[in-house]
Amino acid sequence: MRYWLMKSEPEVYGIADLERDRKTIWDGIRNYQARNFLREMQVGDLAFFYHSQSSPPGIAGLMRVAQPGIDDPTQFDAQSQYYDPKSSLDSPRWQTVRVEFVRSFPALIPLEQLRQTFSAEELLLVRRGNRLSVMPVPEDVAEKILAMVGQ
DNA sequence: GCCAACGTTGGC
DNA sequence: GCCAACGTTGGC
């Protein structure tokens, strides 16, 4: 099983929103490294839903990749804050995935706990200065995270 | 609100 | 291709 971690600000779109919607397009990623990870995703991959810019920040739940290889529609939308005039229908620049809700964790796993448990080598998230919003999580680390919430 | 750590842009 | 300036992310 392949695992990922994806960040979102719960004030903008949190795990509760995904639970309500069941599925969503993970749009608005405008960072090449994050986009490259999105391009690698396959149907059935699992992704931790991370709440950033919140108090405390941490992992709030789990989702599954339902449809990979989607051209992010917001790049073509001149009204969108994610509009990219350098992108075109002929050569879209930004790809993403549709994710589906799996579960909300009974309690958020705080970033602080993740820092105490994993090294920067094990989990990119806890690397100093890390700002990447989409990243892989090694399988053994993912299993330990799931064990923390008794899954 | 501050600021460290990046990523991007653009002049040269 | 270098690198200074600027913009953004995200923890605190």
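Order of the sequence lines sets the chain letters (A, B, ...), proteins ahead of strands, with each chain counted from 1. Note that this is a predicted model, so its numbers are computed, not measured. Both backbone and side-chain heavy atoms feed into the values below; hydrogens, waters and symmetry mates do not.
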Would you kindly give the CG-to-P distance between A/Asn31 and B/dT9, to the nearest whole Å?
11 Å

So, A/Lys7 side chain and A/Leu132 main chain: donor-acceptor pair closer than 3.5 Å or not?
yes

For the residue pair A/Trp94 and A/Phe76, is the inter-centroid distance of their aromatic rings smaller than 6.0 Å?
no

Measure CZ/A/Arg131 against C1'/B/dA4 and give the value in whole Å, please.
10 Å

note: A/His51, atom NE2; C/dG10, atom C1'; distance rounded to Å ~ 15 Å

Aromatic contact between A/Phe49 and A/Trp26, with the criterion being ring centroids under 6.0 Å apart: yes or no?
yes

Between C1' of C/dG11 and CD of A/Gln113, the distance in whole Å
17 Å

Whole-Å distance separating the CD atom of A/Gln33 from the C1' atom of B/dT8:
14 Å

Among C/dG11, B/dT9, B/dG7, the one nearest any side-chain atom of A/Lys86 is B/dT9

Between CZ of A/Arg128 and C1' of B/dA4 the distance, given in whole Å, is 7 Å

Does a side-chain N or O of A/Tyr82 approach OP1 or OP2 of C/dT8 to a distance below 4.0 Å, or not?
no

Could you tell me how far apart A/Ile29 (CD1) and C/dT9 (P) are, to the nearest whole angstrom?
10 Å

Can you check whether A/Lys7 has a side-chain N or O nearer than 4.0 Å to OP1 or OP2 of C/dT9?
no

Atom pair distance, as rounded to whole Å: CZ in A/Arg115 and P in C/dG10:
13 Å

Polar side-chain atom of A/Ser87 near backbone of A/Gln75 as donor-acceptor pair, under 3.5 Å:
no

